[in-house]
Amino acid sequence: MAAGEIMAGMVELNDGYSSLVLVPEKAAAIARYDALVIGGAPVPLLKPGDGTGTSGCQLLVPWSNRISGGGFTFEGRFHAIAPNMPGEAFPIHGDGFQKAWRLASRTDTEAELVLEEGAIGPYRYRGSVTYALQNGTLEARLIVENRAGMRLPYGLGFHPWFRRGDSTLLEAKAKRVWLEDERHLPVGVVPVRERPAWDFDRPIPLPLEWVNNAFDGWDRRATIVQPEQGIAVTLAASPELDVYILYSPSPDAGFFCFEPVSHTVDAHHGEGLTTLEDGETMSATMRLEWEVVETD
């Protein structure tokens, strides 16, 4: 999707500093988030597209990442969940990113979108997300309400895709990184200092090798510097989102993902999920703000 192109079914918000394009029918995803730099063309802050595939930002509800073992046991009862994506051996990211959401309300700078009947495995839930622009900053607040008729463990997250250029830098302080096996499931955790190429205590380039790992002990802030665009994006997450997942397949992929989430991978067989009574809710918020930076 070219800059400035709004296709049928999309919703655009604009506060004069940033523009945001949403796609309600494609899982309430963000298709574009652009900085409106004075005297220049809009600068994409996320990898632009139609909100699907490797672009924009998707919502992760009612959990993030993979569940192994064909499902999970909770309070003595096994709940089966089938794989929900082609090529994936395990169910991944819930079903919020696969459903059409409804535009409930909007102004020039704010929109609320709703999923009334989320349903995957034992989960039955209502999801809502509010996107708001203020002085160029984007705030996204995601809420899930348990409607399963029983207690269940829930998780939330956001899945933004960022451009990866030759000089992209990432700063995201964390204490530990979870290692993965060939199935992309966790096989242990080590201090990030034992993996210097993954220690983003200061702004450094992304690793050259494959990365698809969860980091915890995170201070819930990250900065992505894009010198080629003259832009830095700062991501701030609410206390619920105390883990981030970094996905960067290779330097030539042209993108990477920085996902603030509420739990580590396969937490249904570990810990970190939030138990909700029937009718109870949980929420999480992500903020993205940008600034122009000096380039050499």
Side-chain angles (χ1 to χ4, degrees), residues 11 22-30 51-52 56-85 88 90-106 111-132 139-160 237-243 245 259-286:
V11 174
L22 308 172
V23 196
E25 289 295 314
K26 294 183 178 179
I30 297 172
T52 60
C57 178
Q58 290 80 44
L59 304 173
L60 307 181
V61 57
W63 78 83
S64 158
N65 219 277
R66 293 166 175 83
I67 300 176
S68 67
F72 64 97
T73 298
F74 180 71
E75 297 185 340
R77 178 179 176 183
F78 181 75
H79 299 284
I81 306 182
N84 60 334
M85 286 186 64
E88 285 285 351
F90 307 111
I92 184 170
H93 293 329
D95 67 329
F97 77 103
Q98 296 177 310
K99 300 282 181 67
W101 293 48
R102 173 177 60 86
L103 179 64
S105 65
R106 67 161 295 186
E112 180 186 11
L113 300 99
V114 173
L115 175 61
E116 295 287 356
E117 297 182 349
I120 182 170
Y123 290 100
R124 301 294 182 271
Y125 68 93
R126 181 184 190 270
S128 67
V129 61
T130 300
Y131 295 107
E139 180 172 288
R141 183 168 187 255
L142 178 61
I143 304 173
V144 63
E145 177 188 350
N146 179 13
R147 291 185 172 180
M150 59 181 158
R151 286 159 47 94
L152 282 174
Y154 279 77
L156 294 174
F158 297 89
H159 198 303
S238 62
E240 299 81 9
L241 304 178
D242 57 359
V243 174
I245 293 176
E259 308 162 37
V261 298
S262 63
H263 56 87
T264 55
V265 178
D266 205 22
H268 288 78
H269 297 284
E271 58 184 23
L273 295 163
T274 298
T275 298
L276 298 182
E277 302 283 350
D278 185 53
E280 195 173 7
T281 66
M282 73 174 290
S283 65
T285 301
M286 177 184 72

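Numbers here are sequence positions counted from 1.
- No side-chain heavy atom of Y123 sits less than 4.5 Å from a side-chain heavy atom of V61.
- Here CG of L156 is found 10.0 Å from CG of L273. Values are rounded to the nearest 0.5 Å.
- At distances below 3.5 Å, not a single donor-acceptor pair connects side-chain atoms of Q98 with backbone N or O atoms of A27.
- Residues A111 and L103 come closest through the heavy atom pair CB-CD1, 4.1 Å.
- P122 and M150 make their closest contact through CB-CE, 3.9 Å (heavy atoms, listed as atom of the first residue, atom of the second, distance).
- Checking each of E277, E280, E116, E117 against R147 for a salt bridge (charged side-chain N to carboxylate O under 4.0 Å, His left out) leaves exactly one that passes, namely E116.
- Although no hydrogens or angles enter the test, the distance criterion places no donor-acceptor pair under 3.5 Å between the side chain of E259 and the main chain of L60.
- A search for salt bridge (Lys or Arg N to Asp or Glu O under 4.0 Å) contacts involving R141 returns nothing, not counting sequence neighbours.
- Residues meeting the salt bridge (Lys or Arg N to Asp or Glu O under 4.0 Å) test with E139, sequence neighbours left out: R287.
- Of all the heavy atoms in L276 and N146, the pair that sits closest is O-ND2, 3.0 Å.
- Atom CZ of R102 is separated from atom OG of S128 by 10.0 Å, given to the nearest 0.5 angstrom.
- By the 4.5 Å heavy-atom criterion applied to side chains, P260 and P160 are counted as neighbours.
- The side-chain contact (heavy atoms from CB on, under 4.5 Å) check on N65 picks up H93, I245, V265, with sequence neighbours excluded.
- For E75, the salt bridge (Lys or Arg N to Asp or Glu O under 4.0 Å) partners at least two apart in sequence or on another chain are R151.
- Atom CG in L241 sits 7.5 Å away from atom OG1 in T285 (nearest 0.5 Å).
- Checked by atom type and distance alone, the side chain of H263 pairs as donor or acceptor with a backbone atom of S64 at under 3.5 Å.
- For V243, the side-chain contact (heavy atoms from CB on, under 4.5 Å) partners are A214, D216, V261, T264, not counting sequence neighbours.
- Side chain of W101 to main chain of G96: a donor-acceptor pair is present (N/O by atom type, distance under 3.5 Å, no hydrogens or angles).
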Run the side-chain contact (heavy atoms from CB on, under 4.5 Å) check on I81 and H268 step by step: do they pass? CA-CA 12 Å; I81 306 182; H268 288 78; 5.7 Å; no

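- Contact annotation: the side chain of D95 approaches that of P62 to within less than 4.5 Å [non-hydrogen atoms, C-beta and beyond].
- Residues meeting the salt bridge (Lys or Arg N to Asp or Glu O under 4.0 Å) test with R66, sequence neighbours left out: E88.
- To the nearest 0.5 Å, atom CG of residue L59 and atom NZ of residue K99 are 13.5 Å apart.
- For the residue pair P91 and N84, the shortest heavy atom distance occurs at CA-OD1, 3.4 Å.
- With contacts defined as side-chain heavy-atom distances shorter than 4.5 Å, the pair L115/Y125 qualifies.
- When all heavy atoms are compared, the tightest approach of V11 to R106 is CG1-NH1, 3.5 Å.
- Checking side-chain atoms of Y131 against main-chain N and O of L113 turns up no donor-acceptor pair under 3.5 Å.
- Taking CD1 from I120 and CH2 from W63, the interatomic distance works out to 3.5 Å, rounded to the nearest 0.5 Å.
- In terms of heavy atoms, F158 sits closest to A140 at CZ-O, 3.5 Å.
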Apply side-chain contact (heavy atoms from CB on, under 4.5 Å) to F78 and T73, showing your working. CA-CA 4 Å; F78 181 75; T73 298; 3.6 Å; yes

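- Within the model, atoms NE2 of H269 and OG of S68 stand 3.5 Å from one another, a figure rounded to the nearest 0.5 Å.
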